[in-house]
Every structure is written in structure tokens, then in C-alpha cells.
Colleague: 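Can you keep this structure in mind? I'll have questions shortly.
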Amino acid sequence: MTTGRNADEITYRLVAFIQENLVPDDEDMKVDETTPLLLSGLLDSLRTARLLNFIRREIGVPIPAAKLDPENFQDVATIVAMIKELEPASFV
């Protein structure tokens, strides 16, 4: 769950997950919070589904279908902003 987590911790966890699980093994890419996930080709439908599952399971914030807009998945920073917006008020 996200209790006590700040944006920096969520950013760190997302960057680590993306680097370890979504960057193809044959690519020498270093992901950070500003890496363009869509423009770089890192997010396709399957990888987006894996990322959404990670956010729901490990961060504790399910992403509703209404938020599945490319604008919300430009980079880790925009994903973190969306997560913070969706967190229950008690977690903020």
C-alpha cells in the first residue's frame, strides 16, 4: 500500500521496475523519471498491462480505465502525478 510513501519513493520504484522488466535485454537504455516511455517504444499494450499490474499490486493504486490516456503515461513523472492524484486522501 502507499501509506507513508512520497512521490520520490514511488518514482524510484517505478523507474526500477521499468528498467528491470520493460527495457529489452538487448537495449542499452538507462531509464529515469523523464525518459519518454511512449516515444521510446518502451510502452506497448503488453508492457503497459504489466506496468498497470505492478502499480496496482506493488504501489496499491489501481488505475481506472478513464485514466488510460497516453497523456498520463508520457514518462515516470506523469505516471507518479497520476498515482498521487488517485491515492485515497488518507495516503496523501
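Just so we're clear, the structure is a prediction, and the values are computed from it rather than from any experiment.
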Colleague: For the pair V61 and R56, evaluate side chain to side chain contact (heavy atoms under 4.5 Å, CB included) and give the outcome as yes or no after the intermediate values.
Modeller: CA-CA 5 Å; V61 177; R56 179 182 50 79; over 6 Å; no
Colleague: Would you say N53 and R50 are linked by a side-chain donor-acceptor pair, where the criterion is simply a distance under 3.5 Å?
Modeller: no
Colleague: So D69 and N72, do their side chains get closer than 4.5 Å, heavy atoms only?
Modeller: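 Touching, per the 4.5 Å side-chain cut-off.
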Colleague: Which heavy-atom pair separates S40 from P36 by the least distance, and what is that distance?
Modeller: OG-O, 2.7 Å
Colleague: Evaluate the side-chain proximity of L42 to M29: yes if any heavy-atom separation is below 4.5 Å, no if none is.
Modeller: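 In contact.
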Colleague: Heavy atoms only: give me the nearest P70-L38 pair and the separation to one decimal.
Modeller: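 Of all heavy-atom pairs spanning P70 and L38, the closest is O-CD1, 3.4 Å.
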Colleague: CD of Q74 to CG of L43: how many Å apart, nearest 0.5 Å?
Modeller: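 The CG atom of L43 is 11.5 Å from CD of Q74, to the nearest 0.5 Å.
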Colleague: Take T48 and L52 through the test side chain to side chain contact (heavy atoms under 4.5 Å, CB included) and record every step on the way to the result.
Modeller: CA-CA 6 Å; T48 300; L52 292 170; 4.0 Å; yes
Colleague: Begin from the C-alpha positions of V15 and T35 and carry the test side chain to side chain contact (heavy atoms under 4.5 Å, CB included) through to its verdict.
Modeller: CA-CA 9 Å; V15 166; T35 301; over 6 Å; no
Colleague: So, do I79 and I83 sit near enough that their side-chain heavy atoms are less than 4.5 Å apart?
Modeller: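 Answer yes - side chains close enough.
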Colleague: Give me each pair satisfying ring-ring contact (aromatic ring centres under 6.0 Å, His included) with a member in residues 45-72, each pair once, sequence neighbours excluded.
Modeller: F17-F54
Colleague: Which heavy atom of I10 sits nearest a heavy atom of K84, and at what distance?
Modeller: CD1-CD, 3.9 Å
Colleague: Do you know the tightest heavy-atom contact between M82 and K67?
Modeller: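 What the structure gives for the nearest pair is SD-CB, 3.7 Å.
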Colleague: How close do L86 and P64 get, heavy atom to heavy atom, and via which atoms?
Modeller: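 Residues L86 and P64, closest heavy atoms: CD1-CD, 3.8 Å.
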Colleague: Give the cluster check for I55 versus V23: same hydrophobic cluster or not, with ILVMFWY residues linked at side-chain heavy-atom distances below 4.5 Å.
Modeller: yes
Colleague: Could you tell me whether the side chain of R13 reaches within less than 4.5 Å of the side chain of I59, counting heavy atoms only?
Modeller: yes
Colleague: In terms of heavy-atom contacts, does CG of D26 have more than 12 from other residues, nucleotides or ligands at under 6.0 Å?
Modeller: yes
Colleague: Out of L68, L37, T78, which one pairs with F73 under the side chain to side chain contact (heavy atoms under 4.5 Å, CB included) rule?
Modeller: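 With F73 as partner, L68, L37, T78 yield a single side chain to side chain contact (heavy atoms under 4.5 Å, CB included), made by L68.
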Colleague: Decide side chain to side chain contact (heavy atoms under 4.5 Å, CB included) for D32 and V76; before the verdict, give the C-alpha distance in whole Å, the side-chain angles of both, and the deciding distance to 0.1 Å.
Modeller: CA-CA 7 Å; D32 65 26; V76 170; over 6 Å; no
Colleague: Taking R47 for the side chain and I18 for the main chain, is one N or O donor matched with an acceptor at less than 3.5 Å?
Modeller: no
Colleague: Donor-acceptor pair, Q19 side chain versus V31 backbone, under 3.5 Å?
Modeller: yes
Colleague: With a cut-off of 6.0 Å (strictly less than), are more than 12 heavy atoms of other residues, nucleotides or ligands near CG of D44?
Modeller: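 Atom CG in D44 is crowded, with more than 12 foreign heavy atoms closer than 6.0 Å.
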